[in-house]
Amino acid sequence: MAASIQGIGKVLCRVSPPILHSIRHYKSCLDKVPVRLWTQTGCPFVLPSHSLCTAPSLKDGDAEEVAEALVRYKDRPWDYLESEEYIERYGTNPVWAGYRRNHKGGIPPQKTRKTCIRGDKICGNPCPICRDPNAIIHYQNVKLLQQFISPYTGIVYDPTRTGVCMKQQKKLNEAIDTAQDHGLLPFQIPYVEFSGEEYSNCHDAVGSTPPPSSLTSGDPWYKWYDNIKPDEKEVAKVKKMYKDYLK
């Protein structure tokens, strides 16, 4: 083992002088290159800036237009559903049409994700509300809320059908309730058929007042005002059940 290490050391000593000589020669050549040439061509070890991949940046005009659109739709979110931008993107379909959440296997999950945006991080496939910053949930944005309500039953669609995350679904339910309270959205009251007995005037409490002679005879004004005697069997059952607690 020691002999092999000594052999390797001798080989390196023989090879190192020519390598060092070439490095010194290259360094001397670099020193002779003028500074202006270095600034024009750039360092040979550094790639030029135009060869690196950089993220595309919006122009000043485009950035101002996007910011102005966001501010405009933030104050009046219902204008977005009537804009050409919305019609070009969705047409006549709702915002959740054609959305499919990424999941493993062929069976979709029982619930949607809790939220699509955590801080500054957005998931890979956000829900229909989170992916469009102009689709703002507001109780006055009636056209957007109607897309999540069944026109036949008036029931809010389940998030497993629309793909909306649980955070946005909670906001949707609150906005729909507020819109219904303000009269912007209709709501259905279940029909209950009442029987005529509940509105009859045959009962003594809603019937005609008895004549004053019944007051002088000693009878009670109403029958249920008289002394009511409970069933002795029921009283015995209750006493037997609570005999440990009765004194």
Side-chain angles (χ1 to χ4, degrees), residues 53 55-59 61-194:
C53 296
S57 59
L58 293 174
K59 297 180 180 180
D62 297 341
E64 292 179 359
E65 290 179 0
V66 172
E68 184 181 356
L70 290 175
V71 172
R72 181 174 69 253
Y73 294 140
K74 184 177 181 180
D75 296 337
R76 299 174 59 87
W78 47 88
D79 291 343
Y80 172 64
L81 277 80
E82 299 178 356
S83 63
E84 296 179 358
E85 181 182 356
Y86 177 83
I87 297 173
E88 182 180 357
R89 183 171 183 178
Y90 300 103
T92 58
N93 299 323
V95 295
W96 52 268
Y99 174 80
R100 184 180 183 277
R101 180 187 171 187
N102 298 335
H103 57 82
K104 296 181 180 179
I107 302 175
Q110 297 292 331
K111 296 181 180 179
T112 57
R113 62 172 65 92
K114 293 183 179 180
T115 180
C116 301
I117 304 174
R118 297 180 184 273
D120 297 336
K121 297 181 179 179
I122 304 177
C123 64
N125 185 20
C127 70
I129 299 297
C130 294
R131 70 182 177 183
D132 193 351
N134 294 325
I136 301 173
I137 298 175
H138 194 271
Y139 75 93
Q140 294 181 352
N141 197 359
V142 179
K143 290 187 177 180
L144 180 63
L145 300 180
Q146 287 177 345
Q147 295 180 3
F148 296 89
I149 302 175
S150 174
Y152 306 104
T153 60
I155 300 175
V156 181
Y157 287 134
D158 193 80
T160 55
R161 178 176 180 179
T162 59
V164 179
C165 62
M166 302 305 295
K167 182 178 180 180
Q168 298 294 342
Q169 183 68 25
K170 184 178 179 180
K171 292 182 180 180
L172 272 172
N173 294 334
E174 293 176 356
I176 290 172
D177 293 340
T178 307
Q180 290 176 351
D181 293 340
H182 285 75
L184 301 177
L185 284 176
F187 60 93
Q188 298 180 357
I189 300 175
Y191 175 74
V192 179
E193 185 177 358
F194 298 96

Minimum heavy-atom distance [X]-[Y], with the two atoms named:
X	Y	result
Leu145	His138	CD1-O, 3.6 Å
Ala135	Leu144	C-CD2, 4.3 Å
Gln168	Ile137	OE1-CD1, 3.3 Å
Val164	Gln169	CG1-N, 3.7 Å
Trp78	Asn141	CA-OD1, 3.4 Å
Tyr86	Leu81	CD2-O, 3.4 Å

Which residue pairs satisfy the salt bridge (charged side-chain N to carboxylate O under 4.0 Å, His left out) criterion with at least one member in [range], sequence neighbours excluded?
range	result
residues 131-157	Glu82-Lys143, Arg89-Asp132
residues 116-125	none
residues 160-174	none

Original post:
Do Leu185 and Gln146 have side-chain heavy atoms sitting under 4.5 Å apart?
Top reply: yes
Subject >> Separation between CD of Gln147 and CG of Leu172, rounded to the nearest 0.5 Å >> reply: 10.0 Å
Original post:
Got a second to check how far Arg101's CZ is from Asn125's CG, nearest 0.5 Å?
Top reply: 9.0 Å
**OP:** Verify whether the ring centers belonging to Tyr157 and Trp96 lie closer than 6.0 Å.
**Re:** yes
Original post:
Between the side chain of Tyr99 and the main-chain N/O of Pro126, is any donor-acceptor distance below 3.5 Å?
Top reply: yes
**OP:** I would like to know whether Phe148 and Ile129 meet side-chain contact (heavy atoms from CB on, under 4.5 Å); could you show each step before the answer?
**Re:** CA-CA 11 Å; Phe148 296 89; Ile129 299 297; 3.8 Å; yes
**OP:** Quickly, which of Cys116, Cys123, Pro159 forms a side chain to side chain contact (heavy atoms under 4.5 Å, CB included) with Cys165? Name it, please.
**Re:** Cys116
Subject >> Check against side-chain contact (heavy atoms from CB on, under 4.5 Å), Leu184 and Gln180 >> reply: CA-CA 6 Å; Leu184 301 177; Gln180 290 176 351; over 6 Å; no
Subject >> Audit row: Thr160, Lys111, side-chain contact (heavy atoms from CB on, under 4.5 Å) steps and yes/no >> reply: CA-CA 6 Å; Thr160 55; Lys111 296 181 180 179; 5.7 Å; no
**OP:** Might you work through the side-chain contact (heavy atoms from CB on, under 4.5 Å) test for Ile176 and Ile149, ending with a clear yes or no?
**Re:** CA-CA 9 Å; Ile176 290 172; Ile149 302 175; 3.9 Å; yes
